[in-house]
Amino acid sequence: MLELRDIHTYYGQIRAVQGISITVNAGEMVCLIGANGAGKSTTLMTVSGIYAPVQGSVHFEGEDITRTSPEERVVLGISQVPEGRLVFPDLTVLENLELGAYSRRDKQGIRADLDKIFESFPVLQERRRQRGGSLSGGEQQMLAIGRALMSQPRLLLLDEPSLGLAPLIVKRIFEIIEQINNDGTTVLLVEQNAQLALQMTDRGYVMETGEISMEGTSADLLADERVRQAYLGE
Ligand code: ATP
């Protein structure tokens with residue numbers, strides 16, 4: 001479904017991503033783990049089109065989308081839940097969700113998807129008229145995921161959904177992500193919580209200073225001595 005070939009993405013002189021290749025198959029849940037500053041977010045934003053690589057290509061469902069705008073990528077079926085959630089604080093919960101569907105014209109479909117999201121996240125329905133900025137961290141994460149789902153993505157990109165949340169809330173968020181994946185949406189997940197990410201996903205890539213240092217099934221990575229020492233604190 002998704003193929004990154006030899007991607008290099010720089011910020012001026014800073015070589016954030018230096019020649020990485022990643023594939024994600026339809027239906028999979030794949031994670032990208034690694035330390036702070038390893039280049040995980042940059043990689044995700046190269047997939048969503050926020051940053052253009054200086055070298056390499058991005059293919060989605062067989063099509064070269066390396067130069068496709070972020071808006072077009074949403075229409076093609078790629079949606080990102082950004083790090084820090086970035087909900088619009090002064091818009092209501094409902095308005096935040098409706099914005100996720102900005103590229104759609106099928107009013108009935110939008111209504112049906114809204115109902116589905118309210119079913120998955122009852123708290124968002126209760127608070128639909130409340131300002132996004134007044135929600136708790138966990139509720140904002142749910143809102144950011146709901147907003148991304150409103151564009152009906154086939155590939156969902158998640159950047160650190162556990163960031164700053166209490167363990168119980170993280171558990172709930174990951175149950176929801178698992179459900180989304182079971183319902184047929186492919187997931188590429190960036191996480192600093194390597195243990196959790198590897199437990200939740202099918203395959204994983206480890207990033208170190210802009211490069212992929214290891215890859216494999218999540219079960220193999222979880223059992224790997226180097227991963228255990230470097231990322232699981234053992
Ligand atoms: P984290 O988990 O801390 O978000 P990460 O693995 O996602 O880390 P990136 O955010 O992709 O890493 O950062 C990779 C490198 O690029 C880092 O050295 C970072 O300082 C640098 N970087 C990231 N964003 C920018 C930017 N907008 N301008 C300049 N440098 C940046």
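Here, residue 1 is the first one in the sequence, and each next residue gets the next number. Atoms within each ligand, like the ligands themselves, are counted from 1 in listed order.
- Less than 4.0 angstrom separates atom 20 (O) of ligand 1 from none of the non-hydrogen atoms of the protein.
- Shown in contact with Ala38 at under 4.0 Å from a heavy atom are these atoms of ligand 1, numbered in order with element: 5 (P), 6 (O), 12 (O).
- Taking every heavy atom of Ala16 and a limit of under 4.0 angstrom, the matching atoms of ligand 1 come to 14 (C), 15 (C), 16 (O).
- Using a cutoff of 4.0 Å between basic side-chain nitrogens and carboxylate oxygens, Arg5 and Glu3 are scored as salt-bridged.
- For the 3.5 Å distance criterion, the side chains of Ser57 and Thr66 fail to qualify, holding no donor opposite an acceptor.
- Scanning all protein heavy atoms for the shortest distance to atom 26 (C) of ligand 1 gives Tyr11 CD2, 3.5 Å.
- Gln80 and Asp159 share no donor-acceptor pair across their side chains, judged by distance under 3.5 Å alone.
- Within ligand 1, the atoms closer than 4.0 Å to a non-hydrogen atom of Glu160 are 2 (O), numbered from 1 in the order shown.
- Atoms of ligand 1 found under 4.0 Å from any heavy atom of Glu83, numbered from 1 in the order shown, are 4 (O).
- Within the 3.5 Å criterion, the main-chain N or O of Leu76 finds a donor-acceptor partner in the side chain of Arg154.
- Proximity of atom 23 (C) of ligand 1 to the protein is indicated by at least one non-hydrogen atom lying closer than 4.0 angstrom.
- Distances between N or O atoms of Gly39 and those of ligand 1 include at least one value under 3.5 Å.
- In terms of protein heavy-atom proximity, atom 10 (O) of ligand 1 is nearest to Ser41 CB, 3.7 Å.
- Listed by number with element, the atoms of ligand 1 under 4.0 angstrom from any heavy atom of Ala35 are 6 (O).
- Counting heavy atoms closer than 4.0 Å to ligand 1, residue Asn36 contributes atoms from both its backbone and its side chain.
- As a member of the Ile/Leu/Val/Met/Phe/Trp/Tyr network built from side-chain separations under 4.5 Å, Tyr102 groups with Val74.
- Although no hydrogens or angles enter the test, the distance criterion places no donor-acceptor pair under 3.5 Å between the side chain of Lys40 and the main chain of Glu191.
- Nearest residue to atom 5 (P) of ligand 1 from Arg15, Lys40, Met207 is Lys40 (criterion: closest heavy atom).
- Only the side chain of Tyr51 comes within 4.0 Å of ligand 1, judged by heavy-atom distances.
- Taking a cutoff of 4.0 Å between a charged side-chain nitrogen and a carboxylate oxygen, Arg172 and Glu175 qualify as a salt bridge.
- Remark: ligand 1 and Gly37 share an N or O pair separated by less than 3.5 Å (distance only, no angle test).
- Other residues, nucleotides and ligands place more than 12 heavy atoms under 6.0 Å from the CZ atom of Arg131.
- Tyr11 pairs by the ring pair (Phe, Tyr, Trp, His ring centres under 6.0 Å) definition with Tyr51, not counting sequence neighbours.
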Test Thr43 against Ile20 for side chain to side chain contact (heavy atoms under 4.5 Å, CB included), laying out the working first.
CA-CA 9 Å; Thr43 301; Ile20 65 161; 3.5 Å; yes
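- Of all the atoms in ligand 1, the ones that sit under 4.0 Å from a non-hydrogen atom of Thr42 are 9 (P), 11 (O), 13 (O), 14 (C).
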